[in-house]
Amino acid sequence: MADHHVVRLDLTGRTALVTGGGSGIGRACAARLAEAGAKVVVLDRNAAAAEEVAAEIGGVAVALDLTDPAAVERVDADVDVLVNNAGFQHVAPLPEFPPDTFAALQRVMVEAPFRLVRRALPHMYARGWGRVVTISSVHGLRASAYKSAYVTAKHGVEGLSKVIALEGAPHGVTANCINPGYVRTPLVEGQIADQALAHEIPESEVLSTILLARSALKRLVEPDEVAELLAYLCTPAASFITGASIAMDGGWTAS
C-alpha cells in the first residue's frame, strides 16, 4: 500500500460501485477501494477511461450515460459500497442558463444516485452492512454565482444522503457526504476557463481570485486526499458516522 494511505481498510469479499470512476476523484476512489481488496465496478460515460482504470485496478468497466434513467436501471446494484461521484459543471448567469443543461445536471447528480441507491439498499440490508458515500462539494453547503444547476444538485443530494442515513441505520448501512473544495481534476481545470470568461479576467488569475478566494488554505485538494477520507468512512471505526457532511474545504466554510 502506498505511503500516503494511512487508513487500514480491508474490503476483501466486498463489491464497490464508483460512478464517474474514469478520472479525477472517481479514479482515485476506485483505486483506493481496490487496494483495500474490493471488487470495483468503474462506471463512466467515457468507455475508454472506464476500461483503462478497470484494467489498472483489476476491476470491471461499465460505460454508461447517467442522463439516461433507463440505462441507470440496468446497472447491477448488488454492491456493498456505493460511491456517488459522477457529475459535471456548467457556468453561466441564471438568465442565460440553458434549461436542458440544468435538467441534465439534476439527472446525473441527484436522480441517478437515487435510482442506484434504491436498488442497492435491499442488498446491503440483506447483508447487514453497507456504505453509501456521496462525493458532494463545498457547494453542497455554500453557493457561488453562475453555478445554479451544480449548487442545486449538490444541495439536493445532501438531502438524499441524510434520508438514506436515517432509513439505513437499523440495517447497518451508513450514508455520508464528503464536501471538498476545489480538487485537482479535469472538471476544475475546465472551470478555470469558464470562470475567466464569466468574470472577464485572465485564466491565470482565476485560481487565487475566484476559486480559492474563500479558502484559508490556498491550494487545490488532491484526489487521493478525498479517496483516503472515503476509505476511513468504510472502516469499522467510522460505523457511528452517518448522515454527516464532512467539509474538506481548506477552511472555506469556517468563515
Minimum heavy-atom separation for Gly87 and Met109, please, with both atom names. CA-CG, 3.7 Å

Taking it one step at a time, do His199 and Tyr146 satisfy ring-ring contact (aromatic ring centres under 6.0 Å, His included)? CA-CA 10 Å; His199 292 276; Tyr146 309 118; 5.2 Å; yes

A side-chain contact here means heavy atoms from C-beta on lying under 4.5 Å apart; do Leu233 and Ile246 qualify? yes

Closest non-hydrogen atom pair, Trp129 against Cys234: CZ2-O, 3.7 Å

Among Val81, Asp80, Leu116, which one satisfies side-chain contact (heavy atoms from CB on, under 4.5 Å) with Leu17? Leu116

Step-by-step side-chain contact (heavy atoms from CB on, under 4.5 Å) determination, Leu82 to Val133: CA-CA 6 Å; Leu82 173 60; Val133 180; over 6 Å; no

Is any side-chain heavy atom of His90 less than 4.5 Å from a side-chain heavy atom of Tyr150? no

Report the C-alpha separation of Glu228 and Val6 in whole Å, then their side-chain angles, then the decisive distance to 0.1 Å, and conclude whether the side-chain contact (heavy atoms from CB on, under 4.5 Å) test is met. CA-CA 8 Å; Glu228 200 63 15; Val6 298; 3.9 Å; yes

Salt-bridged, Asp68 to Arg45, with N to O below 4.0 Å? no

Quick one: OG1 on Thr12 to NZ on Lys39, what's the gap to the nearest 0.5 Å? 14.5 Å

Would you check if Val60 and Val40 make a side-chain contact, meaning some heavy-atom pair closer than 4.5 Å? no

Carboxylate-amine/guanidinium contact Arg219 Glu225, below 4.0 Å: yes

Flag side-chain contact, heavy atom, 4.5 Å: Val132 against Thr174: no

With rounding to the nearest 0.5 Å, note down the distance linking CD1 in Ile178 to OG in Ser136. 10.0 Å

Any donor-acceptor pair under 3.5 Å linking the side chain of Glu200 with the backbone of Ala196? no

Testing the basics here: between Ala231 and Leu9, what is the closest heavy-atom pair and its distance to 0.1 Å? O-CD2, 3.7 Å

Kindly determine whether Arg27 and Glu52 satisfy salt bridge (Lys or Arg N to Asp or Glu O under 4.0 Å), including the steps that lead there. CA-CA 10 Å; Arg27 184 178 192 139; Glu52 179 183 340; 3.1 Å; yes

Report the C-alpha separation of Asp76 and Arg119 in whole Å, then their side-chain angles, then the decisive distance to 0.1 Å, and conclude whether the side-chain contact (heavy atoms from CB on, under 4.5 Å) test is met. CA-CA 9 Å; Asp76 184 358; Arg119 292 172 49 241; 5.9 Å; no

Minimum heavy-atom separation for Ala28 and Ala227, please, with both atom names. O-CB, 3.5 Å

Just wondering, do Val18 and Asp44 contact through their side chains at under 4.5 Å, heavy atoms? no

Would you say Asp78 and Arg127 make side-chain contact, with heavy atoms under 4.5 Å? yes

Gap separating the CG atom of Asn84 from the OG1 atom of Thr134, nearest 0.5 angstrom: 4.5 Å

Could you check whether Thr152 and Lys147, counting side-chain N and O atoms only, form a donor-acceptor pair closer than 3.5 Å? no

Hphob cluster co-occupancy, Ile135 + Val151, side-chain heavy atoms under 4.5 angstrom: no

Main-chain N/O of Glu205 paired to Thr209 side chain as donor or acceptor, under 3.5 Å: yes

Atom pair CG (Leu43) and CG (Asn85), whose distance is rounded to the nearest 0.5 Å: 10.5 Å

Heavy-atom closest pair (Val173 atom, Thr242 atom, distance to 0.1 Å) is O-OG1, 4.4 Å

Nearest atoms (heavy-atom pairs only) where Leu141 meets Ala247: CD1-CB, 4.5 Å

Verdict with supporting geometry, Val42 and Ile57, side-chain contact (heavy atoms from CB on, under 4.5 Å): CA-CA 10 Å; Val42 182; Ile57 67 173; 3.9 Å; yes

Take the angle between the ring planes of Tyr182 and His139 and call it parallel below 30°, perpendicular above 60°, tilted in between. perpendicular

Hey, are the side chains of Ile241 and Asn176 touching, using non-hydrogen atoms and a 4.5 Å cut-off? yes

Working to the nearest 0.5 Å, report the span between OG1 of Thr19 and CG of Leu64. 10.0 Å

Would you please test Glu158 and Lys154 for salt bridge (Lys or Arg N to Asp or Glu O under 4.0 Å) and show each step? CA-CA 6 Å; Glu158 292 272 335; Lys154 290 301 187 183; over 6 Å; no

Count the heavy atoms of every other residue, nucleotide or ligand shown that sit under 6.0 Å from CZ of Phe97, and state whether that count exceeds 12. yes

Beyond-backbone contact of Leu229 with Met248, side-chain heavy atoms, under 4.5 angstrom: yes

Spacing of Leu220 atom CG and Leu212 atom CG [to the nearest 0.5 Å]: 5.5 Å

Would you check if the side chain of Arg214 reaches a backbone N or O of Ser255 as a donor-acceptor pair within less than 3.5 Å? no

Main chain of Val183, side chain of Glu222: is a donor-acceptor contact present, judged purely on distance under 3.5 Å? no

Charged N to carboxylate O below 4.0 Å: is that the case for Arg115 and Glu111? yes

